[in-house]
There are 2 protein chains.
Amino acid sequence: MTTTTGTTDAPEGESEARRATLRDVATLAGVSIATASKALNERAHVRESTRDRVLAAATELAFTPNQAARSLTSGQTGTVGLIADDLDGRFSLPILMGAEDAFGTGQVSVFLCDARGDAIRERYHLDALLRRKVDGIIVVGARTDARPPLVGRIPVPVIYAYAPSTDTTDVSVVPDDVQAGRDAVSHLLSAGRQRIAHISGDAAYTAAQERATGIASALEAAGLELVGGSAQFGAWSEQWGRGAAQRVIDQYPEVDGMICGNDQISRGALETLQRSGWNVPHQTSVIGFDNWEVMTTGPSPTLSSIDLNLEQLGRTAAELLFESIQGQVEPGIRRITPRVVTRESS
Amino acid sequence: MTTTTGTTDAPEGESEARRATLRDVATLAGVSIATASKALNERAHVRESTRDRVLAAATELAFTPNQAARSLTSGQTGTVGLIADDLDGRFSLPILMGAEDAFGTGQVSVFLCDARGDAIRERYHLDALLRRKVDGIIVVGARTDARPPLVGRIPVPVIYAYAPSTDTTDVSVVPDDVQAGRDAVSHLLSAGRQRIAHISGDAAYTAAQERATGIASALEAAGLELVGGSAQFGAWSEQWGRGAAQRVIDQYPEVDGMICGNDQISRGALETLQRSGWNVPHQTSVIGFDNWEVMTTGPSPTLSSIDLNLEQLGRTAAELLFESIQGQVEPGIRRITPRVVTRESS
DNA sequence: CTGTTAGCGCGTTCAC
DNA sequence: GTGAACGCGCTAACAG
């Protein structure tokens, strides 16, 4: 068994299985603490035989250096904080994974905080992170709308991911939703589609607006315009997708391509089309945004989608934070390039 | 703007905006370090006026005590590690949220690690956590199948969540899948259903087996048996749900209730039923497991489901870890009670 | 090559 | 009430 509690098998409370310290190792190896330290840290000027003795002692005692003590001298803790606005949402997770991955391969550990979209909680977690002297912080928003920066004097670098800071002197990383819109259009155009409808989500979201902008501009560049003249805004749900698609095919039976605000809308639209006897992708192509696996690969045909590369976004945020910790980083907003994932629906 | 890098506006490198230390506060307040410490920690025997001066100084310098230094003396770091086997999967997240919540309201911060189902990575993260002297560790599995315990001597308490440890002297928390199966049956029975089919997922999963066990036992207790005699095992996908449901209604048109291995299968089954002109829930009820919102609330009718209360599971794991850190905790496997979420499909 | 000394920032006796 | 002194575990100068 692995030891399951802090207590040992020893007599009773007394002589707790204190984690071995450098001193213990030094004593066992018969050297001074300093020498032991040097040996373990691969510093120069330590006789090989001595180093070996120390290493052996360390292994025997299962010695692990106390990071807290180390941080005291170095000033750096090798930790960063990740404040997510809404872990529940499906956008935070991939970003978080990307960041965790980028950091994990290095030496830094990640503190996870869920602010649940509440400013008070955010403040609370922020304080906790500063008390722990994290070397930096990544703030992950729930939507791509710009958000006010963290309040107060933050003595460490901060990177805003997904939701950019409204302060342009901050460093932010966001998906390139305009480009995503353009990509959706070129994808359909290259499949020979010309009469394209855009069933979007909630117009209050920056993402909805930016994608619509990208779509409009790409169509214009091709000398085309949306079927129905403009995008249909509604909700980010399947239900909205079903209803909106119904109206589109009723009013514009010539439609041969649908760009949907996200994969849920896309799925709803697909359902309506199939129910009305339309053949997808033969008669009309369907493509959404987000590339949410469960939504896109569940139905038949499977749904094409624009992947916003959120994991890459998280990784980039981690790298930027890393650089900021080392020195300066150019402030402003970075945009992560999306990619088209073609499946059966287009 | 918030300070975005470690450097200041000061002359050049020199005199870095070092985070204020207790000494700075003491100096500014004109007292000794010890007094400042007492004042800030609400210790007795400090004159009120002195305390106020210290607090004012602390505020002015934006002083935050250095946790690392604190941990050095206290021995405890107030941090725990959360090693997830597969963050990507949809089960880790709610557990993680529950745990983060339970800890967050206290004083402890959570280190997040993603082992990606790889033993090497797990070992790597484990070492990192031990180096950071976490007070405890929660290991979150990707499936409910029992897993071997962490290897090596772990000097801190460990709680296994979702996937129990094969070592019965460890402490584990898992969903009660047998009960979940029973609940599904009683739900359908109380809705007057008697001819129930069970379209399960991958038989290699403990969850599939346990749910099937619960279902069988509840039916037996009611003097009934599954339509077709036994459960249909396959995959955890919509596609499997669609196909399996088709075979069920072809062979057993008298079926009036379907218990599906998870919400995806459930959704697939619903689609097949509707396509074949069956009325859900009028003609036949459908219920799944997991209560995955996007799956259950997307389609129309919305899908009933058994919620395994994973967030509660995470919270329980956190509480158990907390208790283990304080003292002993009864080893063994705890099971979290599920709950039925009734929607339109039943 | 190795050991001694001096802090890192804080909490805690224990004198004053 | 208040402050001087010590130690937590470790690293970095300097001696030896």
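Just so it is clear: chains get the letters A, B, ... in the order the sequence lines come, proteins before strands, and each one is counted from 1.
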Any side-chain donor near an acceptor of the partner, B:Ser32 and B:Thr35, under 3.5 Å: yes

Main-chain N/O of A:Ser37 paired with A:Asn41 side-chain donor or acceptor, under 3.5 Å: yes

B:Arg51 vs B:Leu72, nearer the 5' end of DNA chain D by closest nucleotide: B:Arg51

Non-neighbouring partners of B:Lys133 that pass side-chain hydrogen bond (donor to acceptor under 3.5 Å, both in side chains), sequence neighbours left out: A:Thr64

OP1 or OP2 of C:dC10 under 4.0 Å from side-chain N/O of B:Thr21: yes

Rounded distance (Å) that lies between atom C1' of D:dC8 and atom CG of B:Asn66: 13 Å

Nucleic acid footprint by protein, nucleotides 11-16 of chain D - heavy-atom cut-off 4.0 Å, B for base, S for sugar-phosphate alone: BBB---

Closest-nucleotide ordering on DNA chain D, the 5'-leading residue of B:Lys133 and B:Gly30: B:Gly30

d(CZ, A:Arg53; P, C:dC1) in whole Å: 14 Å

B:Thr35 side-chain N/O to D:dG3 phosphate OP1/OP2 under 4.0 Å: yes

Protein-nucleotide distance (A:Arg131, atom CZ; C:dG9, atom C1'), rounded to Å: 16 Å

Residue A:Val31, side-chain atoms from C-beta onward, closest of D:dT2, C:dC10, C:dG3: C:dG3

Sequence neighbours excluded - ring-ring contact (aromatic ring centres under 6.0 Å, His included) pairs with any residue from residues 96-148 of chain A: A:Phe111-B:Phe111

Integer-rounded Å distance: D:dC10 P and A:Gln67 CD: 10 Å

Residue pair A:Thr169 / A:Asp167, side-chain donor-acceptor N/O under 3.5 Å: yes

Flag, side chain of A:Tyr160 to backbone of A:Ile333, donor-acceptor distance under 3.5 Å: no

Gap between atoms CG and P, on B:Asp24 and C:dC10 respectively (whole Å): 8 Å

Residue-phosphate contact under 4.0 Å: A:Arg23 side-chain N/O, D:dC10 OP1/OP2: no

Sugar-phosphate only, base, or nothing, as touched by A:Thr50 at under 4.0 Å among non-hydrogen atoms: sugar-phosphate

B:Asp135 side-chain N/O to B:Thr77 backbone N/O, donor-acceptor pair under 3.5 Å: yes

Distance, rounded to the nearest Å, where B:Arg47 contributes CZ and D:dT2 contributes C1': 9 Å

